[in-house]
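Accompanying notes for the structure given below.
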Amino acid sequence: MKYWETVCLSLLMAAKAGVAMAQTDSLKVGNDSITWDQQLEGIEVKAQRQLIKQEIDRIGYDVQGDEESKTQTVMDMLRKVPMVTVDGDDNIKVKGNSSFKIYKNGHYDPSLTKNAKEVLKAMPASMVKRIEVITDPGAREDAEGVDAILNIVMMDDSKLDGVTGVVNLYYNTLNHPNLYTSLTGQVGKLLLSANYGYGGMSRRETENINDTERTFLQTGNRLLSHSEGSNPGGIHFGDINASYDIDSLNLLSASFGGYFYKLNVQGDGWTELLPPSGENLLYSYNNKYWMPGYSHQSWNGRLDFEHKTRREGERLTLSYMLALTRQHTDQENEYVILKGDRPFPYTNTLQTERERFTEHTFQADWLRPLGKGHQIEIGTKYIYRNNNSHNTQDYRDALPMTDYQFEHTTRVLAGYADYILNKNQWSARAGLRYEYSYMEGSYPDGKGETFHQRLSDWVPQASLKYQMTETQSLKLNYTTSINRPGISYLNPAVVISPTIIQSGNPQLESSHSQRLNLIYMFVGKHLTLQLAPGYQFSNGGIASIQTAEGDIRYLTYDNIQRYRRASFEQYAQWKPFETTTLVFNNNLRYEHYENPNLGYRNFGWSDNIYINITQKLPWRLQLSLSAYGKIGHNPTNVYYKMHGWYGYYASLQRSFLKDDRLTVRIMTNDPFDRYTKYCDEAVNGDFRDLGTSWNRGRQFAISISYRFGSLKASVKKAEHSIENDDVVGGITKGN
């Protein structure tokens, strides 16, 4: 035992025994004697919990160990988590990008993933035990289609005292209201929780402006366009969770929830086409569009049974998940020619689209310890996934009406095995997953022939961690992920507008991505530091194919993309004083996209940066200041590059009442800029683009949160459940 640990233990034992320590009293510790110059009236021993912990497959942030969790939201806590950045618009990025999924208690949660802004900035951090960044999911979790997983682990104490709940209200000067409320209670062995949230989006908040200048290389003509629009509406989300302790070895848990939103998308703009000389305008027109029937809903139900054996650590989990998504789109466009000859025969179009996604998943997992420090996990999984769409486009008799129906079914049968080792300073994990997929496409209207594909995929992964000292660790990991096309990429329906013709590709196949990362972490008393170089590559990735014929752009998809990324992620949290915390989080990367068939390459450097300082002030006030943005010109695909941008954020809060049950917070985002500007440009293809967009920036907000009851438990969850995250480019899970 260390010297000062012995001192503290001796002090505590003496205090417990009621030892009186007078001026001449002394305490013997080893060969040393500790004396006091005056009477001690009490003993206070302070210890700092290690907030950040690196495990073999994840990095965890101990929310309950952070004193600020009593008064802040989960969104505030995310700003402190390594590899996670949150900008002033509450847009979350993990490892520098938005390709991630959000889990709750270890399994996928669509409401959190698609409505993270509304849910996490309304959810009190006091309800969360820890936040985990799963950097390299094992063979069981497939690493399907994502760079990382953000897992929100709720409080899980075994005893509940009464009923507890929280109400959070939020409103900003752009007329955006937010409401979040939750309630948890227990009846015998049955534990229940329910939550509901609403987020309103006003016309002013969703205002957007877009300008594009496009030059067609074949004709030399220049297309200029300008549009202004908004999409006011509301989002409702919620879920119900239940768990029942059958006995000490068997647990049954269930959940059902989802979200629904309806938007009134509307706007107008103008377009004009100029010859290379810039004189004698070829044509120009005004466009008005509205989508009064745009709605989306996604629902998920889950049932888990967990059985623990008499052997410590052994468990069997049986799971079933149902996922449903429905999306309706009705868009009407009106075109008015102001000058020149009309290049298209119609003046009004009505496009309707109905997309449906249904997924059934069955899974069985068995975890068994093989001895001290050794364990193996094996399992199997079956997925039945059905996508179908019905798309029509009416040109008001100027052109024949189009009508496309398409149905796509995927069946996946998978088996996996994971081996985990923990011995002294070493930890290791190795796994292999095999997936057999059968995909079938058909046309219910008889306009195409039914087709099918059979695919076999091997998904290996491995991790090795060495705990060099109590404060330093080093980890090396390799992972593989699978991306399967969603209905939006597969749908062959041809959508026609005056300047673009687009369709999906029903022949798309799945693609693989490989990642290699080295992570060094130092966790000290005042400083936490993480350095993580990494490399990612893929061939045959799903990518857009953009061409131009004359002055019309054509868009579809193909398995053609080669991608390479070298990155260096850095995280530092420094407490120079007891009341001051500094956080620095950034992701420096070099990206290279290539289409070998067309000979296109696009590459460049960029750096995502986030800096935050939190300062405790007198009168129990707390001030937080943040700056964030992107430096450089990062490629987004083989055609486009995104320019740099920046933003800033500030908040001031104070808590009231016993146990800080009431918290009031005022915030501002980009207070000196009415709009946030974003720019991108096309550097390859049959055209060159320069696009600029503006979204509403400056806003001021107030948040009020009140906790009631005693929070000593949340609904239990099986330690393992189902996650499916392999689909890209579809409405599945609300994408």
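Taking the ring-ring contact (aromatic ring centres under 6.0 Å, His included) definition, one finds that Tyr571 meets it with nothing, sequence neighbours left out. Not counting sequence neighbours, the partners of Tyr563 by the side-chain hydrogen bond (donor to acceptor under 3.5 Å, both in side chains) test are Glu591. With sequence neighbours excluded, no residue forms a ring-ring contact (aromatic ring centres under 6.0 Å, His included) with Tyr675. When the side-chain hydrogen bond (donor to acceptor under 3.5 Å, both in side chains) test is applied to Tyr600, no partner is found at least two apart in sequence or on another chain. Listed by chain and residue number, Trp605 satisfy the ring-ring contact (aromatic ring centres under 6.0 Å, His included) test with Tyr590 (two or more places apart in sequence, or in another chain). Partners of Gln266 by side-chain contact (heavy atoms from CB on, under 4.5 Å), not counting sequence neighbours, listed by chain and number: Arg203, Ser230, Pro232, Asn264, Trp290. Partners of Asn221 under the side-chain hydrogen bond (donor to acceptor under 3.5 Å, both in side chains) rule, at least two apart in sequence or in another chain, are Thr219, Asp551. Among residues two or more places apart in sequence or in another chain, the ring-ring contact (aromatic ring centres under 6.0 Å, His included) test is passed with His592 by Phe603. Not counting sequence neighbours, Asn286 has no partner by the side-chain hydrogen bond (donor to acceptor under 3.5 Å, both in side chains) test. By the side-chain contact (heavy atoms from CB on, under 4.5 Å) test, Arg698 pairs with Arg674, Phe700, sequence neighbours left out. In this structure, the side-chain contact (heavy atoms from CB on, under 4.5 Å) partners of Leu623, at least two apart in sequence or on a different chain, are Leu617, Leu625, Leu652. Residues forming a side-chain contact (heavy atoms from CB on, under 4.5 Å) with Ser202 (at least two apart in sequence, or on another chain): Asn175, Arg204, Glu205.
One N or O on the side chain of Asn602 and one on the backbone of Tyr640 form a donor-acceptor pair closer than 3.5 Å.
Across Asn231 and Asn208, no two heavy atoms sit closer than the pair OD1-ND2, 4.3 Å. Residues Ser298 and Thr325 come closest through the heavy atom pair OG-OG1, 3.4 Å.
Each of Phe260, Phe237, Tyr259 was scored for a ring pair (Phe, Tyr, Trp, His ring centres under 6.0 Å) with His296, with one residue passing: Tyr259.
In this structure, a donor-acceptor pair under 3.5 Å is present between the side chains of Gln546 and Arg553. A donor atom on one side chain and an acceptor atom on the other are not found under 3.5 Å apart for Thr581 and Thr614.
Note on ring orientation: taking the six-membered ring where Trp is involved, the planes of Tyr639 and Phe687 are parallel (angle under 30°, cut-offs 30° and 60°).
Taking 4.5 Å as the limit, every side-chain heavy atom of Pro576 sits out of range of all side-chain heavy atoms of His526.
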